[in-house]
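Chain letters run A, B, ... following the sequence lines, proteins first and then strands; every chain starts at 1.
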2 protein chains.
Amino acid sequence: MTLPMPELPPAIRPAAEADVPDLIRLIKELADYEREPDAVKITAEQLERLLFGPDPRVFALVAEHEQRVAGMAIYFLNFSTWEGKLGIYLEDLYVSPETRGTGLGKALLQSLAAIAVARDYARFEWAVLDWNQPALDFYRGLGAVPLEEWTVHRLHGDALAQIAKPYA
Amino acid sequence: MTLPMPELPPAIRPAAEADVPDLIRLIKELADYEREPDAVKITAEQLERLLFGPDPRVFALVAEHEQRVAGMAIYFLNFSTWEGKLGIYLEDLYVSPETRGTGLGKALLQSLAAIAVARDYARFEWAVLDWNQPALDFYRGLGAVPLEEWTVHRLHGDALAQIAKPYA
């Protein structure tokens with residue numbers, strides 16, 4: 001089922017298969033920026049299958065600057081039980097340092113907001129690091145509400161395997 | 001595309017269309033418990049379409065006690081960019097008060113962990129209220145790691161419409 005896509009800002013478009021190498025490059029740039037270069041295990045083949053295989057669960061927008069892919073937003077769909085509506089969860093937003101200040105980051109956020117509104121989604125969410133004050137200021141200036149009472153908990157690796165053990 | 005389902009604990013099974021009225025009942029019970037009875041807007045028709053329509057993005061397990069649906073887990077799929085793998089995000093976990101202590105909550109968590117392991121997902125996540133100490137203790141006892149540095153930010157309603165405005 002193809003999900004509807006509204007008109008987007010001029011620099012922004014949904015990622016195409018040909019963008020996978022650029023997306024991998026930007027994912028690695030982001031990990032370097034966050035000083036976790038070794039954390040990137042995703043391969044071009046995995047990303048291509050996730051974004052463009054049957055029944056995709058992951059989506060990407062790219063931002064172009066001077067005919068080059070200089071930014072990206074990777075997102076998936078979440079859900080509000082009480083509203084009975086889907087939503088957008090922005091997993092990664094990244095714009096190359098050399099094109100910061102040109103508005104690509106805001107255009108990516110506007111695009112995701114436009115997708116949410118066009119599809120009658122309940123919400124648009126993303127996580128922010130508590131010490132990233134410029135990001136917190138920017139997002140709260142846009143009207144984003146911090147869900148301060150909630151902490152996400154994660155099971156992975158050995159702890160996940162241990163709990164699954166009787167059944168997996 | 002049908003997603004593979006491992007063997008589950010005896011009391012747990014994927015929700016079927018016939019469970020929708022019970023799921024709506026449990027969603028309302030949960031909202032009452034959280035003292036937000038008026039927050040529930042979802043209808044049986046919406047839930048049925050989301051869970052069982054074409055290309056579902058939302059999934060549910062039910063827990064049975066004495067042939068009655070007494071618990072539920074509503075989840076969707078999230079994504080780890082660095083791992084290049086999908087994951088499970090548990091949106092709502094609820095067990096009716098009269099069957100608490102019978103292990104249904106843990107069996108639902110074990111089931112989601114087993115699904116994650118069987119599908120080679122990266123992680124299994126959910127959000128916990130910071131003041132819910134019994135829940136925090138229980139989840140951390142299972143090995144769940146709190147993502148304490150991150151705060152989810154949400155755009156919805158007027159703020160979302162405002163940002164989307166030039167394009168939606």
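For the set A:Ile42, A:Val58, A:Asp158, the count of heavy-atom pairs under 4.5 angstrom toward chain B peaks at A:Ile42. Taking chain A as the reference chain and counting heavy-atom pairs below 4.5 Å, the highest number among B:Ala114, B:Ala161, B:Ala159 is found for B:Ala114. For the set B:Ile88, B:Leu30, B:Leu86, the entry with the most heavy-atom pairs within less than 4.5 Å of chain A is B:Leu86. When each of B:Ala118, B:Pro166, B:Ala144, B:Gly143 is checked for heavy-atom pairs under 4.5 Å with chain A, B:Ala144 comes out on top. When each of B:Lys85, B:Arg123, B:Lys28 is checked for heavy-atom pairs under 4.5 Å with chain A, B:Arg123 comes out on top. Interface check for chain B: of the options A:Lys41, A:Glu125, A:His153, the most heavy-atom pairs under 4.5 Å are formed by A:His153. Of the listed residues (A:Val40, A:Leu109, A:Val117, A:Val128), the one with the most heavy-atom contacts under 4.5 Å to chain B is A:Val128. Your options are B:Phe124, B:Trp131, B:Tyr121, and the one with the most heavy-atom pairs under 4.5 Å with chain A is B:Phe124. Among the candidates A:Thr43, A:Asn78, A:Asn132, the residue making the largest number of heavy-atom pairs closer than 4.5 Å to chain B is A:Asn78. The candidate with the highest count of non-hydrogen atom pairs below 4.5 Å against chain B, out of A:Leu90, A:Leu142, A:Ile115, A:Leu47, is A:Leu142. Interface check for chain B: of the options A:Glu148, A:Glu7, A:Glu91, A:Glu83, the most heavy-atom pairs under 4.5 Å are formed by A:Glu83.
Salt bridge status for B:Glu45 with B:Arg49: absent, with no side-chain N to carboxylate O gap under 4.0 Å.
The line from CD1 of B:Ile27 to CD1 of B:Ile24 is 4.5 Å long, rounded to the nearest 0.5 Å. The CD1 atom of B:Ile163 sits 11.0 Å away from atom CG of A:Leu112, with the distance rounded to the nearest 0.5 Å. Note that the CZ atom of B:Phe59 and the CD1 atom of B:Ile74 stand 12.5 Å from one another [nearest 0.5 Å].
Between B:Pro37 and B:Asp32, some side-chain heavy-atom pair lies under the 4.5 Å cut-off. B:Arg57 is not listed as a side-chain neighbour of B:Phe76, based on a closest heavy-atom distance of 4.5 Å or more. Counting only heavy atoms from C-beta outward, the side chains of B:Asp130 and A:Trp150 never approach each other to under 4.5 Å. Using a 4.5 Å cut-off on side-chain heavy atoms (C-beta onward), A:Leu93 and A:Trp126 make no contact.
Only the backbone of B:Ala122 has a heavy atom closer than 4.5 Å to any heavy atom of chain A. Contacts of A:Leu8 with chain B are made by backbone atoms alone, with heavy-atom separations under 4.5 Å and no side-chain atom involved. Residue contact with chain A, scored on non-hydrogen atoms closer than 4.5 Å, involves the backbone and the side chain of B:Leu77 alike. If you measure heavy-atom distances from A:Pro9 to chain B, the contacts under 4.5 Å come from both the backbone and the side chain.
A side-chain donor-acceptor contact under 3.5 Å links A:Arg25 to the backbone of A:Val69.
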Q: Dump the intermediate steps for side-chain hydrogen bond (donor to acceptor under 3.5 Å, both in side chains) on B:Asp137 and B:Gln133, then the final yes or no.
A: CA-CA 6 Å; B:Asp137 292 343; B:Gln133 198 60 48; 2.9 Å; yes
